[in-house]
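The structure appears right after this line, and notes come after that.
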Amino acid sequence: MAEKVIPLADHRYAAALPRIPLQPIPSTGLLSDTLGRPLRDLRISVTDRCNFRCGYCMPREVFDKQYQFLPHDSLLSFEEITRTARLFAAHGVQKIRLTGGEPLLRKNIEVLVSMLSELRTPDGEPLDLTLTTNGSLLARKAQALKDAGLKRVTISLDALDDTVFRRMNDADFPVADVLAGIEAAQRVGLGPIKVNMVVQRGTNDREIVPMARHFREQYGGAIILRFIEYMDVGATNGWRMDQVLPSADVVACLNEAYPLQAIDANYSGETAERWRYADGHGEIGVISSVTQAFCQDCNRARLSTEGKLFLCLFATQGHDLRALLRSDHTDEQIASAIGLIWQGRGDRYSELRSTQAPDTGSGAKRVEMHYIGG
Ligand code: SF4
């Protein structure tokens, strides 16, 4: 097979046709990239659509009624997603997270969950199968997702105050419906549940303590609230450093209300730094992509809605796996191509952020978060 890289003219993001190496790269589960990082986590975006218009992800000025979302036939089918996920599992992936856009907008998503739940690691273990959602459809879908084999969910919720929340989601969506979704997920056993709050200075930083109070008092230690630094993902959200509230400030603020103690990571590569409430009412996490980059342990790959493989949340170029899936390549060839891509990976954007020019959209276009998930 030729080893030529063919840049594809893509209407959305640049992607190269992956090379199939002359020597097969066996699926040993022991792949590592140029920085010695293994491949353990695959995030799969199942739709580029969302019913929210959060300013940090899909600002309404850009993603308006004229915006052309991907046509259905360009999306990977459930069979294509499952085939790809199987190849990644053979290469060492242990966790799959379904994302979007809003993944619950993908029709019959529970069918995909059921197909993915059949996959196993090389040791015969089931994968850690999870999903990140804005919670808006969760009350309706929680039982079907659980029945299909989903293990747990992460729900995005940026405020408890209904006015602040409606303003942030810019779709006039009430907080009560998301809370009902969290309640339903808890009831059917989609846990441990994590709730992610993106903190923006001057927008929702007053919600930090009320959010902590709510989840401590309502759920004890059963729900883990995580505070995420506002990141410069994509090129459309107009990110500025002065809008970032460092995680150290979040911890200091919470510590005054509810004293905290640092605890160890659950596993190497965990994105959140963990803290427990000293009074035993559970734990919180902080994700500090901006002020404390964690690229050195990053073991995540991302598969876009239309089958492009991205190696970093801040990538400007993907690898067009769909082109291989829709040709007559064998599993072994596609697995070797994935292996070669991972072996060549050197991405560490967050560690280099301070040395890079801000992305204004004029240069190579950084991938948007709604297209590859967070
Ligand atoms: S910036 Fe890229 S390499 Fe670094 S942790 Fe985030 S996704 Fe991983």
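Given the structure is predicted, the values throughout are model-derived calculations rather than measurements. These values consider heavy atoms only, across backbone and side chains, with no hydrogens, waters or symmetry-generated copies.
- The 12-atom threshold is exceeded at CD of Gln296, counting heavy atoms of other residues, nucleotides or ligands nearer than 6.0 Å.
- Every residue two or more places apart in sequence or in another chain was checked for a ring pair (Phe, Tyr, Trp, His ring centres under 6.0 Å) with Phe78, and none qualifies.
- Under the rule for a salt bridge (Lys or Arg N to Asp or Glu O under 4.0 Å), Arg40 has no partner lying at least two apart in sequence or in another chain.
- Between the side chain of Thr305 and the main chain of Leu75, no donor-acceptor pair closer than 3.5 Å is present.
- A donor-acceptor pair is defined here as one N or O able to donate and one able to accept, closer than 3.5 Å; no such pair exists between the side chain of Asp48 and the backbone of Gly101.
- For residues 284-293, the set of pairs meeting the side-chain hydrogen bond (donor to acceptor under 3.5 Å, both in side chains) definition, not counting sequence neighbours, comprises Glu229-Thr291, Ser247-Ser288, Ser289-Ser350.
- Of all non-hydrogen atoms in Arg53 and Phe63, the two that sit nearest each other are NE-O, 2.8 Å.
- Residues meeting the side chain to side chain contact (heavy atoms under 4.5 Å, CB included) test with Asp33, sequence neighbours left out: Leu35, Arg37, Trp342, Arg345.
- Applying the ring pair (Phe, Tyr, Trp, His ring centres under 6.0 Å) rule to pairs touching residues 167-186 yields Phe52-Phe173, sequence neighbours excluded.
- His91 places a side-chain N or O within donor-acceptor distance of the main-chain N or O of Ala335, the cut-off being under 3.5 Å.
- Applying the side-chain hydrogen bond (donor to acceptor under 3.5 Å, both in side chains) test to every pair with at least one member in residues 115-127, sequence neighbours left out, gives no pairs at all.
- Here the shortest heavy-atom pairing between Ala85 and Ile96 reads CB-CD1, 3.6 Å.
- Note on Asp331 versus Arg83: salt bridge recorded, some NZ/NE/NH1/NH2 to OD/OE distance being below 4.0 Å.
- In this structure, Ile25 and Leu340 approach most closely via the heavy-atom pair CD1-N, 3.4 Å.
- For Asp64, the side chain to side chain contact (heavy atoms under 4.5 Å, CB included) test picks out Gln66, Tyr67, with sequence neighbours left out.
- Met115 contributes atom CE, which lies 3.5 Å from atom OG1 of Thr82 (distance to the nearest 0.5 angstrom).
- Using a 4.0 Å cut-off between a side-chain N of Lys or Arg and a carboxylate O of Asp or Glu, Glu110 and Lys141 qualify as a salt bridge.
- Annotation: salt bridge (Lys or Arg N to Asp or Glu O under 4.0 Å) contacts of Arg276 (sequence neighbours excluded): none.
- Residues in residues 265-286 take part in these ring pair (Phe, Tyr, Trp, His ring centres under 6.0 Å) pairs, two or more places apart or across chains: Tyr258-Tyr277.
- With salt bridges taken as basic N to acidic carboxylate O contacts below 4.0 Å, none links Lys308 and Asp320.
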Exercise. Evaluate the criterion side chain to side chain contact (heavy atoms under 4.5 Å, CB included) for residue pair Phe215 and Ile182; output intermediate values, then yes/no.
Key: CA-CA 11 Å; Phe215 289 105; Ile182 294 172; 4.0 Å; yes
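- Partners of Arg300 under the salt bridge (Lys or Arg N to Asp or Glu O under 4.0 Å) rule, at least two apart in sequence or in another chain, do not exist in this structure.
- A donor-acceptor contact closer than 3.5 angstrom is absent between the side chains of Asn169 and Asn134.
- Each of Glu102, Arg43, Arg97 was checked for a side chain to side chain donor-acceptor pair (under 3.5 Å) with Thr132, and the lone residue meeting it is Arg97.
- Pairing each heavy atom of Ala15 with each of Gln317, the nearest pair is C-NE2, 3.9 Å.
- Going from atom CD of Glu273 over to atom CD1 of Ile287 covers 10.5 Å, rounded to the nearest 0.5 Å.
- Listed by chain and number, the residues in a salt bridge (Lys or Arg N to Asp or Glu O under 4.0 Å) with Glu80 are Arg326 (sequence neighbours excluded).
- Of the options Ile334, Leu42, Val93, a side-chain contact (heavy atoms from CB on, under 4.5 Å) to Leu87 is made by Ile334 and by none of the others.
- The side-chain hydrogen bond (donor to acceptor under 3.5 Å, both in side chains) contacts involving residues 171-187 comprise Arg166-Asp172, Glu183-Tyr219, where partners must be two or more places apart or lie in separate chains.
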Quiz item: Going through the checks in order, is the side-chain hydrogen bond (donor to acceptor under 3.5 Å, both in side chains) test met by Thr154 and Asn196?
Solution: CA-CA 7 Å; Thr154 297; Asn196 281 351; 5.3 Å; no
Exercise. Give the C-alpha distance, both sets of side-chain angles, the deciding distance and a yes or no for side chain to side chain contact (heavy atoms under 4.5 Å, CB included) between Ile341 and Leu309.
Key: CA-CA 9 Å; Ile341 292 167; Leu309 176 62; 4.0 Å; yes
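- Side-chain atoms of Leu116 and Leu98, non-hydrogen and from C-beta on, do get closer than 4.5 Å to each other.
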Self-check item: Worked check of side-chain hydrogen bond (donor to acceptor under 3.5 Å, both in side chains) between Gln200 and Asn204
Solution: CA-CA 6 Å; Gln200 278 181 264; Asn204 63 340; over 6 Å; no
Practice problem: Would you sort out whether Leu138 and Leu145 count as a side chain to side chain contact (heavy atoms under 4.5 Å, CB included), showing the intermediate values? | Solution: CA-CA 9 Å; Leu138 192 55; Leu145 292 167; 4.2 Å; yes
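- Between the CG atom in Leu150 and the CG atom in Leu131 there is a gap of 5.5 Å [rounded to 0.5 Å].
- Between Gln333 atom CD and Leu324 atom CG the span is 8.5 Å, to the nearest 0.5 Å.
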Quiz item: When you look at Arg152 and Asp128, which way does the salt bridge (Lys or Arg N to Asp or Glu O under 4.0 Å) test go after all the steps?
Solution: CA-CA 8 Å; Arg152 55 194 181 86; Asp128 180 11; 2.8 Å; yes
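- Val195 and Val175 fall within the same hydrophobic cluster, where Ile, Leu, Val, Met, Phe, Trp and Tyr residues are linked whenever their side-chain heavy atoms come under 4.5 Å apart, directly or through other members.
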